[in-house]
Number of protein chains: 2
Amino acid sequence: MPLTPDERPGRTIRSVQIAFNIIETLQERDRIGVTELANELGHSKSTIHSHLRTLEERKILVRDGDGYRLSLRILDMAADVRDQVGNYDVIRDEVEALAAETGEIAQFGLEEHGQVSYLYKATGDRAVVTASQVGTQQPMYSTSLGKTILAYLPPERTEEIVRNTDFEAITPQTITSPEELYDELEEIAERGYGIDDEENIEGLRCVAAPVRNDETILGAVSITGPSSRFTNERIHDELPEYVTRAANVIELNTKFS
Amino acid sequence: MPLTPDERPGRTIRSVQIAFNIIETLQERDRIGVTELANELGHSKSTIHSHLRTLEERKILVRDGDGYRLSLRILDMAADVRDQVGNYDVIRDEVEALAAETGEIAQFGLEEHGQVSYLYKATGDRAVVTASQVGTQQPMYSTSLGKTILAYLPPERTEEIVRNTDFEAITPQTITSPEELYDELEEIAERGYGIDDEENIEGLRCVAAPVRNDETILGAVSITGPSSRFTNERIHDELPEYVTRAANVIELNTKFS
DNA sequence: CAGTTCGTTCCCGGTACCCGAACGAGAAAT
DNA sequence: ATTTCTCGTTCGGGTACCGGGAACGAACTG
C-alpha cells in the first residue's frame, strides 16, 4: 500500500506521515506491538521500531503491558487546546445550561479544515443518544452548526470551503448541490439561525445560532432532538429562541484573546 | 543547535522530532507563523513549511487568523486516551467525592516513563491552588503518589525506574538517595499508604493510597493540603482512612480491560 | 511606488530513512 | 531438555527524500 498518491501541491514529509499513521492506529486499537503495527501499516519492523522509540522518547506513547498506548500527555495537550480556543469556561457553562433547560443535546462547534469540529457537548435528561463526540468532525453542509457557520464566515472563505466539498447524500434530505446550499445560507443569514431537518441523521433535527465577536464568527451553538419533539412549529419559534439566547450570552462574555 | 547528542542506544527519527518540536512550541505559544517558528527552532523556513503542511493535512494543526494552533482533534484523542486507561468514570467520581468530603485537592495518578502522570484532579472548597494539572508529570521520588506506586510496582520495574532517576533536592525535605527511598518504600508497603511531607512543594503535604487490581497496581489516589491542616496527627490517622477508602471503592468498581 | 516582511516554491546535494536480514530472548509445544 | 515458533531488537547499506538556500509573490506600510 503506497502512502499517499502524492497530493498535487506542496510536499509532505513521509516520516511524519508514518508517525501519525502509527498514532492513529494506536488510537483505535490500543495495546498493539511492533510486528502487528508493521503488518497493518505495511512497513518493516525496523522502521516501525524506530518510530515507536521516537514517539516513546517524546512521551507520546507508553509501553503498557505488552503493547503501546497513547500517553496521558495528550490530556495536557488537550487542556492547552481549550485554552487556545479561548472562552472555554463560558461556552461550557452556557451549553450545559441550554441542555438542562431543554432536556436535549446541546453542542458548540467551530470550523476547522472545512468541517465542523465539536468543542463541547452536553446531554439533557431526555436527550437522545448520538455518536458525535467532542473533537470529532462532521461535514459543514449537512449540519445545522456547519451551515450556520458558513452563513457568517467571510464570503471568500465560504466559497473556498464549498468549492472543496464533495456533496454526498448522507440521508434523503441532505443538501447535495452548491446552489441549494447557497440558497439556504442566505436564508440563515436573514433569519439568524440554521436548521438541520434530518439531513445528517434520519429522525434527528437541529437548530443552531451563530456566536460572533465583532463581525467575525467564532462558532455556533445548537440543540439536537428527535423530529417528534422538534415539530415544525417549535423549530421556527421556541427552539431558535433558546439557542440564540445561549449564543448571545456567550457573545457577551467573550473576552478578546 | 544539533538535535540530540545522539542518545546511546537505538535510533530516533529526526523529521518526527522536528514535527513534535513544532507541536510543543505551538502548545505553549499559540498563533505563531512560519518565520517565527523557523527562527525559534533553528530550521529553514522551507523545512518548517513542509512540516506545517504535513501536520495541517493530518488535522493536527489549524490555521487560525495568521498563525497556527493545535486542532480540536486533540480533544478526540484525549477522549480515546481516557478510554484506553479504563475506568475513567469510576476514578473521576471517586476523586470528586474525596475532594468534596475533605475540601482539599484530590488526585489520581499513574506511572508513565518513570514519572507520575495525573489522570484526574478535583479541588475541594477550601483547597490550596497548585500548578499541577491533568496530563502533566512529576517525579516519582518526591510525591506521595509516586512513592506509593513505586512501593507496589513489580520490584524489577521499581529498580529500573530508580536506577534511571536523577535525585534532585526540590525542597530541603526531598529524598535524595536510592537508599532513603527504598527504606521509605518498605515503610509504605507495610502500612499501606504513602506520605509527602513538603518534599515536592514547601508548605504542602500529601497522603496517597494505592489502587490495585489483582496484585498489579493501576495507580494511586491522593489528597494534598497545607501543613497547617495536615498535622502530624491527622496525617497518620484520619487522612489515610479517607484515601484508602476512596482507593478501595475504585478497586471494587474496576472492570478488567 | 519603493521597501519590508511575510508565506510559498523550486532545485540540488548529502544524509539519514527505510529496508532486509540476522540476532537474541522468551514462551509454547513435543 | 530440545525444538520451534514469534516476539522485539540491532546493524549496515543504497537511495529516496529531507533540509537548506535562494528566488518568487503577495500583502502591508510608509
Side-chain angles (χ1 to χ4, degrees), chain A residues 1-23 25-26 29-58 61-69 113 154-157 160 216, chain B residues 1-23 25-26 29-58 61-69 113 154 156-157 160:
Chain A
M1 174 189 358
L3 276 191
T4 31
D6 235 339
E7 300 266 328
R8 262 135 17 217
R11 282 193 308 196
T12 175
I13 287 161
R14 206 156 77 104
S15 322
V16 180
Q17 298 278 14
I18 295 174
F20 281 101
N21 284 337
I22 292 177
I23 291 176
T25 310
L26 233 42
R29 319 210 341 250
D30 52 339
R31 320 290 157 94
I32 328 188
V34 176
T35 311
E36 199 175 345
L37 270 169
N39 294 337
E40 184 102 358
L41 299 176
H43 290 280
S44 70
K45 281 193 296 180
S46 52
T47 301
I48 300 292
H49 185 68
S50 308
H51 276 273
L52 286 176
R53 195 190 286 271
T54 310
L55 293 173
E56 189 181 5
E57 187 198 297
R58 282 317 202 120
L61 307 180
V62 218
R63 296 203 64 112
D64 193 9
D66 44 350
Y68 288 85
R69 65 162 172 81
H113 306 288
E156 62 273 16
R157 176 76 183 133
E160 187 188 348
T216 73
Chain B
M1 176 191 350
L3 276 191
T4 29
D6 238 338
E7 301 265 329
R8 264 130 18 212
R11 284 190 305 197
T12 175
I13 286 161
R14 205 155 78 102
S15 324
V16 179
Q17 298 279 12
I18 295 174
F20 280 101
N21 284 338
I22 292 176
I23 290 176
T25 310
L26 233 42
R29 320 210 341 252
D30 52 340
R31 320 290 157 96
I32 329 187
V34 175
T35 312
E36 198 174 347
L37 270 169
N39 294 337
E40 184 101 357
L41 299 176
H43 290 283
S44 72
K45 283 193 296 179
S46 55
T47 300
I48 299 292
H49 186 69
S50 308
H51 276 273
L52 286 177
R53 194 189 286 272
T54 311
L55 293 173
E56 190 183 4
E57 187 196 297
R58 282 318 202 119
L61 307 180
V62 217
R63 298 201 63 111
D64 193 8
D66 41 349
Y68 288 85
R69 65 163 173 79
H113 305 288
E156 62 273 16
R157 176 77 185 133
E160 187 187 348

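Within every chain, numbering begins at 1; the chains are lettered A, B, ... in the order of the sequence lines, protein sequences first and strands thereafter.
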*To the nearest 0.5 Å, tell me how far A:His51 NE2 sits from A:Ile22 CD1.*
5.5 Å
*Quick one: pull up CD1 in A:Ile32 and OH in A:Tyr68 and give me the separation to the nearest 0.5 Å.*
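Between atom CD1 of A:Ile32 and atom OH of A:Tyr68 there are 12.0 Å.
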*For nucleotides 19-25 of chain C, read 5' to 3', which letter fits each nucleotide if B means a protein heavy atom sits under 4.0 Å from the base, S means only the sugar-phosphate is that close, and - means neither?*
BB-----
[atom1] of [X] versus [atom2] of [N]: gap in Å, rounded?
X       : N      : atom1 : atom2 : value
A:Arg31 : D:dC7  : CZ    : P     : 19 Å
A:Arg53 : D:dT9  : CZ    : C1'   : 8 Å
B:Asn39 : D:dG21 : CG    : C1'   : 15 Å
B:His49 : C:dT5  : NE2   : P     : 20 Å
A:Glu40 : D:dC7  : CD    : P     : 14 Å
A:Arg63 : D:dG8  : CZ    : C1'   : 8 Å
B:Asp66 : C:dG7  : CG    : P     : 8 Å

*Could you tell me whether the side chain of A:His113 and the main chain of B:Leu61 form a donor-acceptor pair under 3.5 Å?*
yes
*Under 4.0 Å between a side-chain N or O of B:Ser15 and OP1 or OP2 of D:dC17?*
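No, outside the criterion.
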*Looking at A:His51, does any N or O in its side chain come under 4.0 Å of the phosphate oxygens OP1/OP2 on C:dC17?*
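So the side-chain polar atoms of A:His51 never come under 4.0 Å of the phosphate oxygens OP1 or OP2 of C:dC17.
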_Output the pairing pattern of DNA chain C as a dot-bracket string, 5' first, Watson-Crick or G-U wobble with both distances under 3.5 Å, | for cross-strand pairs, [ ] for crossing pairs._
|||||.|||||||||||||||||.||||||
*Looking only at heavy atoms, which two atoms of A:Ser15 and B:Ile13 are closest? And how far apart?*
CB-CG2, 3.9 Å
*asked:* Checking side-chain contact (heavy atoms from CB on, under 4.5 Å) between B:Leu41 and each of B:Thr47, B:Thr25, B:Ile18, which is the one that passes?
replied: B:Thr25
*Does the distance from a Lys or Arg side-chain N to an Asp or Glu carboxylate O, for A:Asp66 and A:Arg31, drop under 4.0 Å?*
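So A:Asp66 does not pair with A:Arg31 through a salt bridge.
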_So that I can tick it off, tell me whether A:Arg157 and A:Glu160 are bridged by a salt bridge, with the cut-off set at under 4.0 angstrom between side-chain N and carboxylate O._
yes
*Verify the distance criterion only: is there a donor paired with an acceptor across the side chains of A:Thr54 and B:Gln17 at less than 3.5 Å?*
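No pair is found: no donor N or O on one side chain lies under 3.5 Å from an acceptor on the other.
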_A:Ile32 vs A:Ile13, nearer the 5' end of DNA chain D by closest nucleotide_ =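 Taking each residue's closest nucleotide, the earlier one in sequence belongs to A:Ile32.
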